[in-house]
Structure formats: C-alpha cells, structure tokens
Amino acid sequence: MHTDDLESSANFIQNIIEKDLNTLKFDGRVHTRFPPEPNGYLHIGHAKSICLNFGLASKYSGKCNLRFDDTNPSKEEEEYVQSIMEDVRWLGFDWEDRVYYSSEYFSQLYEYAVRLIKKGKAYVDSLSAEQIREYRGTLTELGRNSPHRDRPVEENVDLFARMRAGEFAEGERVLRAKIDMGSRNLNLRDPVLYRVLKATHHRTGNNWCIYPMYDFTHGQSDSLERITHSICTLEFEDHRPLYDWFLKELDIYRPQQIEFARLNLNYTILSKRKLLQLVEEKHVNGWNDPRMPTLSGMRRRGYPPNAIRDFCERIGVAKSNSTVDFALLEHCVREDLNKTSSRVMAVIRPLKVVIENYPEDQVEELTAENNPQDSASGSRKIPFSKVLYIERDDFMEDPPKKFFRLGPDREVRLKYAYIIKCERVIKDEKTGEVVELRCTYDPDTKSGSSMGGRKVKGTLHWLSAAHACRAEMRLYNHLFLKENPADEKECPDLGASVNRDSLEVVRTGFIEPFLKDASKGDRFQFLRLGYFCVDNENSSYDFPVFNRTVTLRDTWAKVSKKST
RNA sequence: UGGGGCGUCGUCAAGUGGCUAAGACACAGGAUUUUGAUUCCUGCAUUCGGAGGUUCGAGUCCUCCCGCCCCAGCCA
C-alpha cells in the first residue's frame with residue numbers, strides 16, 4: 001500500500017525519461033544499453049551503471065541491451081567478455097537475446113565512413129601522431145588545418161580503401177572527420193575516426209586492419225540498436241556535440257546521450273587501469289581476490305547481489321562528483337545478510353576451557369536457533385561437553401570495568417548452554433601465555449530453563465573441543481588505509497599504499513561439524529564474529545575455508561578503543 | 001589563461017519561486033536483548049560556496065566573485 005514510502009526519490013534521468021514519455025519523443029519507448037569494453041573485470045562502479053540502465057528499462061517497461069564496446073583489439077580479450085556476462089547475470093539482470101558487439105557493426109561503420117568521405121566531411125590524413133597532436137593546438141590555442149585536409153574526395157575514397165586493404169603500416173594514415181580545427185571543444189578539431197591496427201581481434205580475427213575509434217562507434221551503435229537514452233559518465237559530456245554531429249551528418253536515428261557522475265568509494269580504487277596494476281604486480285591474488293572492488297571479488301567475498309543492487313539504489317544518480325562512504329555498502333551487506341543467513345558457532349582463535357565439575361564423558365545435545373530473524377528457519381542440535389573452545393578475545397586476565405566477558409572469578413553465559421565461572425587461569429610456564437581456563441558450570445542455568453533466576457551480562461560463543469572441526473578463516477580489511485587511494489598526490493605509489501593487514505589468514509579456526517558439508521559460496525553468520533562464506537575456490541571437505549564477508553557492527557570495539 | 005560540468009548536514013542525496021530544507025549512511029544518547037548483533041526510540045543544516053540584486057516571498061530567478069572536476073590518445 002505504502003510502497004511509495006520505500007522508493008527513493010526520482011533522479012534527474014528518470015525526470016528526463018518521464019518527460020520524453022509524455023511528449024512521445026521516442027514513440028514512448030525506453031531502450032537503454034550497458035556498453036562495457038572487454039578489457040578488464042567489472043567493478044562496483046560498473047554495477048551502478050548496470051543497475052541504472054537495466055533498472056530504468058525495467059521500470060519503464062523497456063529493454064536494455066548488453067553491448068561490448070570492442071573497437072580496440074590490442075586491449076580486449078574473450079576472457080573479459082565471459083567474466084562480464086557472468087557478473088551481469090549474477091547481479092540479477094537479463095539482456096535476453098540482446099547481446100551485441102560493436103565489432104558486429106564494423107562493415108556498417110565502414111560504410112558510414114565512406115558516406116562521410118563522399119559528403120566531404122572526412123579525409124585521410126598522412127600526418128604522424130605527433131604532428132596531429134601539434135596541429136591540434138592546446139586548451140588555449142586553436143588548432144591548424146592539416147595540409148591534407150583538402151584532399152579531393154576521390155583520393156580520400158581511394159586512400160581509405162587502401163587503408164582497409166592493409167597497404168599502410170600502423171600510424172601512416174588515419175581517417176579524420178572534417179569539422180573545425182578552430183573549435184574551442186578539442187573533440188571537434190577533426191577527430192580521428194579510423195586508425196590502422198594490425199592486431200587480431202578476439203571476434204573478427206584478422207578481417208580488419210583498421211578499427212573505428214570510440215566516438216565514431218558508440219553513437220552509431222546506439223543508433224543501429226534504436227537506443228533511446230544513451231547513458232554514460234561525465235567525462236563524455238564534451239563528446240556529446242560530436243556524438244550528435246555524426247548522427248546528424250549521417251542522417252540516421254538519433255538517441256539522446258545523458259551523462260551522470262561515476263561512483264567513487266572511499267578506501268578503494270575504481271579505475272580499471274589501477275585494478276589491473278594491482279593484479280599484474282601481484283598485490284592481490286587476481287581479479288577475484290575478495291579484497292578487490294570487482295564484482296567477482298565481492299561475489300567471492302560473500303556480498304549478496306541483492307545488497308549491491310540496494311546499494312546502487314541508495315547512492316542515487318546525479319551529476320556532481322562524489323565519494324560514497326564504504327560504510328554504506330557494508331550497511332547494505334549486513335542488512336541483507338542479517339535477514340538471510342543462518343547463525344552458527346565458530347571460533348577463530350581458540351582458548352581451551354575445561355569445565356571441572358562437568359562429567360568426564362558426558363555429551364549433551366543443546367538446541368540452537370538457526371536464525372532468530374526467520375522463524376521458519378528452525379533449529380539444530382549442538383554438542384556440549386567438558387572441554388570447550390572459546391574465543392581468546394573473550395577472556396582478559398585484567399579486564400577493565402566495562403568488559404563483561406570472561407576474567408578471573410567472573411561469570412558469563414555460554415550461548416544455548418550454561419553460566420560458567422572462571423576459577424583458574426593456566427599459563428605456559430615459559431611464555432606466560434594463557435593456555436587454558438579451568439571453569440565450573442552451574443547446572444541450574446541450562447538454556448531454556450528458569451535459569452535459577454540469574455542473569456549475567458556477557459554471552460559467549462563456544463565449541464565442544466571433541467566435536468569441532470578445523471577450518472581456515474580469511475579475515476579481510478580495507479585494501480587501502482588511506483581514505484582516498486585514487487588521489488595520486490596522496491598515493492603516488494599504489495603498491496606501497498596497499499594495507500599490509502588487508503588479508504589475515506587464520507588456520508587455527510574451528511567450526512561446528514555440519515559446516516563441513518556446506519557448499520561453496522554458502523553464507524553464514526558466525527555468532528558474534530561476522531558474516532562468512534565458504535570460499536568458492538580453495539575450500540574442501542577436509543579443510544574448509546571461510547571468507548569473512550563483513551564483521552558484525554561492534555560497539556564494544558569502539559568503546560574499548562576510546563578508553564585506551 | 002579556452003571549452004564543458006558541478007557546488008544543499010561528516011558522506012550520499014531530495015528539493016523544478018510559497019506549509020517549520022525530505023530520506024539514507026555515519027555519529028551521539030537511551031530502551032529491549034542468552035549475539036556488546038538485530039530491533040526500537042531520541043538528537044543531529046535558523047540555513048543551501050560567497051556577495052549583491054529581483055520579488056509580498058529565493059536553495060530555487062538575475063549579476064558578479066570563489067572553489068572543485070573533466071578535456072590537448074591513432075584509449076574507452
């Protein structure tokens with residue numbers, strides 16, 4: 001009934017679309033496209049664009065195409081095409097039968113170029129790259145015409161055909177639009193349309209040795225696909241006059257380009273170039289390293305696609321450059337996981353506890369709730385016995401007043417079990433390290449009973465030592481400590497800025513026995529520790545590996561930090 | 001110094017001349033709690049980059065100023 005209350009307010013692109021719908025500008029159609037270049041893996045910034053384009057199409061009963069913008073064979077690979085499709089699907093979007101490649105349009109684009117040449121609106125230039133740069137002028141100085149600008153049409157037609165036939169080496173000839181070398185907009189100073197590239201294309205092989213530039217490809221591809229709203233990022237604002245110029249000169253269907261601000265996230269980088277650098281210099285273990293802001297990394301880390309979509313919805317769409325707080329992403333992840341994950345017990349850094357007054361060979365099956373947020377999730381049995389493991393952090397020999405976990409002579413409840421009291425602390429004689437706690441339990445305080453009318457402040461998670469299984473836990477923190485690692489002044493050396501504690505591998509962990517049977521990717525809440533998922537690459541039955549997706553909110557950590 | 005954009009709470013972000021400037025995250029208090037989790041309350045911009053002006057009325061219109069981002073690839 002009040003679903004409107006839950007929807008976020010309309011963004012400026014929706015306003016434009018609604019206006020266009022009212023004026024029937026595109027016959028009341030909405031048709032968008034997500035146009036990645038297959039030269040890297042998708043990251044959370046792309047997710048914003050994916051959610052925007054597919055979301056708009058769905059909201060207005062339109063369509064959204066997936067289109068690979070593959071006009072630069074020297075950087076693009078099939079591997080990236082596959083990963084991109086997997087990621088878009090994982091995020092929950094469906095392009096149905098509409099997956100396209102700019103390279104499918106190479107013949108059409110070639111024909112468009114010839115058309116422009118014949119119209120006297122394009123010419124083949126023989127200047128070198130450096131010369132073209134010099135002739136282009138600068139931000140404040142206008143450009144100069146190339147000496148080849150006024151070649152006769154017939155000669156241009158012939159030269160372009162010979163470029164296509166492979167008669168020229170890379171850099172020897174380019175096709176340029178004849179627009180205005182005196183334009184204040186650099187993009188209009190006779191932009192290059194085609195360059196010679198003797199590279200093998202991942203889809204067209206060696207059919208072509210000339211390749212169209214982005215500007216000459218994107219708008220026409222949009223046009224061919226009858227796109228209505230071509231949504232791109234802010235840096236293409238200056239290209240819009242060029243986008244429109246081609247469509248007008250070619251006299252073909254004209255979509256509308258709209259620009260929005262790309263996503264920035266603090267404590268991370270969202271530049272494909274820099275992410276590639278992290279991978280190539282081995283600062284991370286590949287594109288799907290759970291510390292990476294790539295969708296494959298987040299998937300492996302355990303982020304639910306729902307949470308990412310929710311995040312993209314919440315951050316909004318606008319034109320001002322902005323940096324979103326990473327905490328919002330984590331909030332979305334926790335919110336989803338809180339509703340959906342089973343609670344289980346696991347111990348990362350075990351400390352042995354012996355219940356001195358508990359019968360030697362007794363094992364009790366205690367009842368544990370699977371998810372208090374979901375009454376349908378039921379319960380399970382967990383074994384309790386004389387020797388247990390608790391978390392090392394849950395014991396302090398000399399605790400501060402506000403610490404309400406275990407300490408000498410203190411009492412805590414063991415979740416689902418009993419109240420225990422720490423009677424003695426056993427230390428390693430040489431190192432002084434605490435190695436074991438001798439405790440007693442109060443049989444009257446069994447979980448679910450009347451508890452003997454007693455209450456204690458702290459509740460700990462635990463595992464029966466005889467039943468627990470070993471597991472590896474991978475604990476992740478921000479990949480960068482600096483809030484803005486994208487800033488080259490702040491972080492001139494990207495590799496040196498990587499947080500050395502961004503990954504902590506703990507091989508001493510223990511889990512409830514049934515967790516060995518969990519499938520790769522399964523998500524759980526490890527009680528009081530955080531959300532974890534089974535690693536989708538390295539986990540095995542004999543030695544399960546869990547990735548920490550995100551910690552639980554930890555008020556105590558804040559309090560204790562403040563007091564030190 | 002040319003062109004194109006953008007400036008509303010710590011961070012995002014609504015607001016399209018007229019009720020006391022939405023909401024979210026963060027933060028701070030408090031309640032409940034066998035997860036220091038969750039949940040629930042409460043607080044958090046007398047002011048919209050600045051200065052003038054128009055108007056009965058301006059975050060919204062005008063002028064000037066200031067700050068930030070993008071553009072000089074045969075990358076996208």
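Residues passing the side chain to side chain donor-acceptor pair (under 3.5 Å) test with A:Glu490: none are found, sequence neighbours excluded. In this structure, A:Phe34 has no ring pair (Phe, Tyr, Trp, His ring centres under 6.0 Å) partners at least two apart in sequence or on a different chain. Applying the side chain to side chain donor-acceptor pair (under 3.5 Å) rule to A:Glu330 yields no partners; only residues at least two apart in sequence or on another chain are considered. Every residue two or more places apart in sequence or in another chain was checked for a side chain to side chain donor-acceptor pair (under 3.5 Å) with A:Lys198, and none qualifies. The ring pair (Phe, Tyr, Trp, His ring centres under 6.0 Å) check on A:Phe404 picks up nothing, with sequence neighbours excluded. For A:Asn156, there are no side chain to side chain donor-acceptor pair (under 3.5 Å) partners, not counting sequence neighbours.
Closest-nucleotide positions on RNA chain B for A:Glu170 and A:Gly316 were compared, and the one nearer the 5' end corresponds to A:Gly316.
Among the heavy atoms of the strands, none lies under 4.0 Å from A:Tyr194. Residue A:Asp215 is classed as having no contact, given no heavy-atom separation below 4.0 Å to the nucleic acid. Within 4.0 Å of A:Thr71, counting heavy atoms only, lie sugar-phosphate atoms of the nucleic acid but no base atom. Across all strands, A:Tyr211 comes closer than 4.0 Å to no nucleic acid atom at all (heavy-atom distances). Among the protein residues, A:Val317 comes within range of the sugar-phosphate backbone only, with heavy atoms under 4.0 Å from sugar or phosphate atoms but none that close to a base.
An anti orientation is assigned to B:G52, its glycosidic angle lying beyond 90° of 0.
Listed by residue number, A:Ser320, A:Asn321, A:Ser322, A:Thr323, A:Val324, A:Asp325, A:Ala327, A:Leu328, A:His331, A:Asn338 are the residues of residues 320-341 of chain A with a heavy-atom contact under 4.0 Å to RNA chain B. For the contact set between residues 33-50 of chain A and RNA chain B, defined by any heavy atom under 4.0 Å, the members are A:Glu37.
Here the side chains of A:Val344 and A:Arg380 are in contact, with some heavy-atom distance below 4.5 Å.
Using a 4.0 Å cut-off, no side-chain N or O of A:Thr140 falls inside it from OP1 or OP2 of B:G3. The side chain of A:Lys455 contributes an N or O atom lying less than 4.0 Å from OP1 or OP2 of B:U34. Taking 4.0 angstrom as the limit, A:Arg136 places a side-chain polar atom (N or O) nearer than this to OP1 or OP2 of B:G73. Between B:G73 and A:Arg133, a contact under 4.0 Å exists linking OP1 or OP2 to a side-chain N or O. The shortest distance between the side-chain N/O atoms of A:Arg528 and the OP1/OP2 oxygens of B:G36 is below 4.0 Å. Between B:C71 and A:Arg189, no contact under 4.0 Å exists linking OP1 or OP2 to a side-chain N or O. OP1 and OP2 of B:G23 both lie 4.0 Å or more from every side-chain N or O belonging to A:Arg314. Using a 4.0 Å cut-off, no side-chain N or O of A:Lys457 falls inside it from OP1 or OP2 of B:U33. Contact between the side-chain N/O atoms of A:Thr459 and the OP1/OP2 oxygens of B:U33 is not found at any separation under 4.0 Å.
Residue side chain A:Gln525 reaches the base of B:U35 through a donor-acceptor N/O pair under 3.5 Å, judged by distance alone. A donor N or O paired with an acceptor N or O is found under 3.5 Å between the base of B:G36 and the side-chain atoms of A:Arg405.
With A:Phe526 as the fixed residue, the ring pair (Phe, Tyr, Trp, His ring centres under 6.0 Å) test singles out one of A:Phe546, A:Tyr531, A:Phe510: A:Phe546. Among A:Thr551, A:Asp554, A:Asp394, the one residue that satisfies the side-chain contact (heavy atoms from CB on, under 4.5 Å) test with A:Arg528 is A:Asp394.
Both thresholds, 5.5 Å between centres and 30° between ring planes, are not jointly met by A:Tyr214 relative to the base of B:A76, so the two rings are not stacked.
Across all strands shown, B:C71 is found opposite B:G2 as a Watson-Crick or G-U wobble partner, with both distances under 3.5 Å.
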Would you list the atom pairs, donor with acceptor, under 3.5 Å between side chains in residues 36-45 of chain A and any protein atom, with sequence neighbours excluded?
| residue | atom | partner | partner atom | Å |
| --- | --- | --- | --- | --- |
| A:Glu37 | OE1 | A:Asn39 | ND2 | 2.9 |
| A:Asn39 | OD1 | A:Lys272 | NZ | 2.5 |
| A:Tyr41 | OH | A:Glu79 | OE2 | 2.6 |
| A:His43 | ND1 | A:Gly45 | N | 2.9 |
| A:His43 | NE2 | A:Leu270 | O | 3.3 |

